[in-house]
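In what follows, a structure is listed as structure tokens, so that the remarks can point back to it.
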Amino acid sequence: AISECTKRDILHYSNFPEERIRVIYQGAGQYFTHEVSEATKAAVRAQYRLPERYLLYVGTVEERKNLLLAAQALRSLPKEVSLVVVGRLTKYFAKVRAFLREHQLEWRVHFLQGVPNEALPALYQSGEVFVYPSRYEGFGLPILEALQSGLPVVACTGSCLEEAGGEGSLYVHPDDVEGMAAAITRLLRGSAEREARIAQNRAYVKRFEGLNPAQGVWEVYQEVLAARR
């Protein structure tokens with residue numbers, strides 16, 4: 001299983017024996033730990049015509065990932081703060097777009113598709129807060145990327161995201177619009193707790209750096225084979 005949350009789900013929805021489940025976390029490489037120059041960040045923002053201040057979301061725009069919550073929270077945030085969405089669009093996009101049009105928020109949300117990996121570190125490091133309002137994930141790798149990039153995180157309760165984000169990140173119920181807006185506000189630039197939480201996040205994410213999931217799976221295979229001999 002890729003998280004303790006997934007392990008709990010297996011136990012809840014089946015009668016599979018707990019002693020036969022191993023949790024093997026996804027590893028976090030060093031790619032997002034390298035600091036991007038200000039010139040590169042400015043060039044990427046110019047390339048995608050992005051504002052100076054923005055929240056960042058990275059992931060497919062689908063119902064389960066609940067992007068609408070972040071869009072709804074924009075109404076309670078400073079108007080100079082926008083939302084940048086990096087990821088493939090699905091039919092759920094129509095629901096998000098309808099809300100944005102109804103509340104005249106289209107100009108504050110930027111949808112980017114086909115962004116190359118080389119541009120992602122600059123997008124992360126130029127952001128102000130990473131938002132991940134997903135209702136359910138198996139683990140939440142983009143959260144690790146945000147932590148490594150020095151971007152504070154607001155995510156949702158109900159699955160595994162607390163495992164990925166640790167105690168330095170903030171979590172709200174996936175239907176709590178006011179809670180999402182309040183949590184984001186606590187982490188905007190200039191807030192009293194922002195830098196302390198970023199430092200806490202950088203320390204927390206190190207537990208995932210250098211992990212080798214393939215090696216972990218291989219060791220489980222060897223354990224199973226040994227038991228059959």
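Keep in mind that what you see is a predicted model, and the values were worked out from it rather than measured. These values consider heavy atoms only, across backbone and side chains, with no hydrogens, waters or symmetry-generated copies.
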Taking the side chain as everything from C-beta on, heavy atoms only, tell me whether [X] gets closer than 4.5 Å to [Y].
{"X": "S169", "Y": "L147", "result": "yes"}
{"X": "F16", "Y": "I21", "result": "yes"}
{"X": "Y92", "Y": "L68", "result": "yes"}
{"X": "L55", "Y": "V84", "result": "no"}
{"X": "N66", "Y": "S134", "result": "no"}
{"X": "V109", "Y": "Y57", "result": "no"}
{"X": "C156", "Y": "Y132", "result": "no"}
{"X": "E80", "Y": "P51", "result": "no"}

If I take atom [atom1] from residue [X] and atom [atom2] from residue [Y], how far apart are they, to the nearest 0.5 angstrom?
{"X": "E162", "Y": "I143", "atom1": "CD", "atom2": "CD1", "answer": "8.5 Å"}
{"X": "L120", "Y": "Q125", "atom1": "CG", "atom2": "CD", "answer": "11.0 Å"}
{"X": "E195", "Y": "R189", "atom1": "CD", "atom2": "CZ", "answer": "10.0 Å"}
{"X": "M180", "Y": "T185", "atom1": "CE", "atom2": "OG1", "answer": "11.0 Å"}
{"X": "S159", "Y": "L161", "atom1": "OG", "atom2": "CG", "answer": "4.0 Å"}
{"X": "N212", "Y": "I24", "atom1": "CG", "atom2": "CD1", "answer": "10.0 Å"}

Distance-minimising heavy-atom pair for [X] and [Y]:
{"X": "G27", "Y": "P213", "result": "N-CG, 3.5 Å"}
{"X": "A183", "Y": "V172", "result": "CB-CG1, 4.1 Å"}
{"X": "P133", "Y": "P174", "result": "O-CB, 4.4 Å"}
{"X": "N201", "Y": "G165", "result": "OD1-O, 4.0 Å"}
{"X": "Y204", "Y": "A164", "result": "CE2-O, 3.3 Å"}

Heavy atoms of other groups near [X] [atom1], more than 12 under 6.0 Å:
{"X": "E167", "atom1": "CD", "result": "no"}
{"X": "Q113", "atom1": "CD", "result": "yes"}
{"X": "E178", "atom1": "CD", "result": "no"}

In the single-linkage hydrophobic clustering (I, L, V, M, F, W, Y; side-chain heavy atoms under 4.5 Å), do [X] and [Y] co-cluster?
{"X": "V217", "Y": "V224", "result": "yes"}
{"X": "L141", "Y": "V154", "result": "yes"}
{"X": "V36", "Y": "Y48", "result": "no"}
{"X": "L188", "Y": "L83", "result": "yes"}
{"X": "L89", "Y": "L56", "result": "yes"}

**Polar side chain donor-acceptor pair, E209 to Q148, under 3.5 angstrom** =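 Checked: E209/Q148 side chains pair up, N/O donor to acceptor below 3.5 Å.
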
**Prompt:** Going by distance alone, is a donor N or O of one side chain under 3.5 Å from an acceptor N or O of the other, for Y124 and E145?
**Reply:**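 Present: a donor and an acceptor within the cut-off.
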
**Request:** For a salt bridge (charged side-chain N to carboxylate O under 4.0 Å, His left out) with E223, tell me which candidate from R22, R228, R20 qualifies.
**Result:** R22

For a quick test of your reading: what N or O donor-acceptor pairs under 3.5 Å do the side chains of residues 95-107 make, sequence neighbours left out?
residue	atom	partner	partner atom	Å
K95	NZ	E63	OE2	3.1
R101	NE	E106	OE2	3.2
Q104	NE2	E102	O	3.2
W107	NE1	Q104	O	3.2

Electrostatic pair [X]:[Y] at N-O distance under 4.0 angstrom:
{"X": "E137", "Y": "K65", "value": "yes"}
{"X": "R45", "Y": "E52", "value": "yes"}
{"X": "R88", "Y": "E62", "value": "no"}

Is a donor on one side and an acceptor on the other found under 3.5 Å between the side chain of [X] and the backbone of [Y]?
{"X": "R194", "Y": "S191", "answer": "no"}
{"X": "R108", "Y": "V81", "answer": "yes"}
{"X": "S14", "Y": "I10", "answer": "yes"}
{"X": "E163", "Y": "E4", "answer": "yes"}

**Request:** Determine, stepwise, if the pair D176 / Y171 fulfils side-chain hydrogen bond (donor to acceptor under 3.5 Å, both in side chains).
**Result:** CA-CA 10 Å; D176 186 357; Y171 307 93; over 6 Å; no

**Message:** Pair V129, Y54 - check side-chain contact (heavy atoms from CB on, under 4.5 Å), show working.
**Reply:** CA-CA 7 Å; V129 177; Y54 63 82; over 6 Å; no

**Request:** Let me see the working for S82 and H110 under side-chain contact (heavy atoms from CB on, under 4.5 Å), right down to the final yes or no.
**Result:** CA-CA 8 Å; S82 297; H110 306 257; 4.1 Å; yes

**Request:** Have a look at L67 and tell me which of V61, T60, V131 forms a side-chain contact (heavy atoms from CB on, under 4.5 Å) with it.
**Result:** V61

**Full working for side-chain contact (heavy atoms from CB on, under 4.5 Å) between L123 and V44** = CA-CA 7 Å; L123 289 174; V44 170; 3.7 Å; yes

**Asked** Are the aromatic ring centres of F208 and F139 under 6.0 angstrom apart?
**Response** yes

**Asked** Can L211 and Q26 be said to form a side-chain contact (heavy atoms from CB on, under 4.5 Å), step by step?
**Response** CA-CA 7 Å; L211 294 183; Q26 295 174 301; over 6 Å; no

